[in-house]
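One structure is given below, encoded as structure tokens.
Numbered from 1 within each chain, the chains take letters A, B, ... in sequence-line order.
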2 protein chains.
Amino acid sequence: MKLTPTMQKFVLHWGEMGWKWGISRAVAQVHALLMLAPKPLPADEIAETLGVARSNVSTSLKELGGWGLVRTVHVFGDRREHFETLGDVWEMFLIILRERKKRELDPTLAALRACSAAIKDGGKEEAPAAGHAAARIAELADFIELTSAWAERGAALSPAAARRLCALGDKVFRLVG
Amino acid sequence: MKLTPTMQKFVLHWGEMGWKWGISRAVAQVHALLMLAPKPLPADEIAETLGVARSNVSTSLKELGGWGLVRTVHVFGDRREHFETLGDVWEMFLIILRERKKRELDPTLAALRACSAAIKDGGKEEAPAAGHAAARIAELADFIELTSAWAERGAALSPAAARRLCALGDKVFRLVG
DNA sequence: CCGTTGTTTCTGTAATTACTGAAATAACAA
DNA sequence: TTGTTATTTCAGTAATTACAGAAACAACGG
């Protein structure tokens, strides 16, 4: 697949964007390419188009698969696996929301709760933390819990519902002045 | 400032969490420590407590300052600067939201719009992209624009209003079924 | 003015992370 | 089976990033 200059720019930007959000550059670039492609691509074509090693693409595709962002497709008369990404941006967004909640919010919340508990019944070893620090940790835990609950509800929406919610715009915010 | 085992664990976890969100580990740890501290701390005490080089703390504090997450305080009879972080978790959250929108969403949106424009009036050089790829990029641009608008409104809320909105919970989501 | 104390910037090094190319594995056809 | 093609794993290397320590700088007191 030949990339026009603009398509190259897009792939580069998406790679950068993903990078800032803690996703490896290569992974994000593969994803970008699959979004642009009008049909599923085999791994070696991805490698060639992006100018990276075949093995690198394999790893990236596996990671994207782990997120549920790409799936494999089989083409008649071709033994190679072909890869495509989801068609709907909203669906991708919801998947990422779900995954990040599971991978980052949930473990953090568990850790904070454990800290809170340890301080509460930690005897004199923890005494110096019992005041301000304990309050602070509890506060954070509550915050993450709320965030988590919101993420969960949000992630449970259908793409269509999420779209509608966003379209509501102002109305939601006026609820709380 | 002496850390209890639990406080150490908290600092470590927060560092890890920040790390996953694209913030340097050291920066996140300094931030964690300042949240725990009952009063503003001077840089050298932070360095000693965390067991990192003084210069490292200086850099981290500067970055946190750039985010607006710490401010300096002067203590009577002490020439050193003391540092503290914001008292309200919600306020911190809103600051981070604002900053990330500005640093990541805005530039990405600009890049995507530029890509769209380039494809539209790019002559035959861009012709192969005019179909599927162009549609996909435009779709993404629209999506990020909506996200951006939401983030902007959200970030404009007062901490109290944000709290209220979160407390509304289910009600919001029931709006869109 | 000089000496002291606190802070930042800079440079080299250590540690991490990303990536390639080769080797191993698997899937299939003849 | 054996040869062929697709894919993954792995080990070594390149590139990046984080960090410590030194040097430079700034603020202040004498």
For A:I23 and C:dT17, give me the distance from atom CD1 to atom P, rounded to whole Å. 16 Å
Round to the nearest Å and state the distance from B:E48 atom CD to D:dA20 atom C1'. 16 Å
Should A:S55 be listed as having a side-chain N or O under 4.0 Å from OP1 or OP2 of D:dT8? no
Tell me what B:R80 touches on the nucleic acid: a base, only sugar-phosphate, or nothing, going by heavy atoms under 4.0 Å. sugar-phosphate
Determine, for A:W67 and A:R103, whether the Lys NZ or Arg CZ falls below 6.0 Å from the six-membered ring centre while staying within 45 degrees of the axis. yes
Heavy atoms of A:C115 and B:K9 approach each other most closely as SG-CB, 4.4 Å
Mind checking if A:R25 touches a base, just sugar-phosphate, or nothing, with heavy atoms under 4.0 Å? nothing
Quick one: does NZ or CZ of B:R100 land under 6.0 Å from the six-membered ring centre of A:W21, within 45 degrees of the ring axis? yes
Any idea how B:W90 and A:F143 line up, ring-wise: parallel (<30°), tilted (30 to 60°), or perpendicular (>60°)? perpendicular
Using only heavy-atom distances, determine whether the side chains of B:H13 and A:T108 contain a donor-acceptor pair under 3.5 Å. no
Nearest-nucleotide 5' precedence on DNA chain D, B:G51 against A:P42: A:P42
Between A:K62 and A:R79, just flag the one whose closest nucleotide in DNA chain D comes earlier from the 5' side. A:R79
From CD of A:E81 over to C1' of C:dC28, roughly how many Å is that when rounded to an integer? 14 Å
From CG of B:N56 across to C1' of D:dA18 the rounded distance in Å is 7 Å
Rounded to whole Å, CH2 of B:W19 lies from C1' of C:dA15 at a distance of 11 Å
Given atom NE2 of B:H74 and atom P of D:dA27, what is their separation to the nearest angstrom? 12 Å
Can you tell me how far P of C:dC19 sits from CG of A:L61, to the nearest Å? 14 Å
Whole-Å gap separating P (C:dT5) and CG (B:D44): 13 Å
Strictly below 4.0 Å: does A:R54 bring a side-chain N or O up to OP1 or OP2 of D:dT7? yes
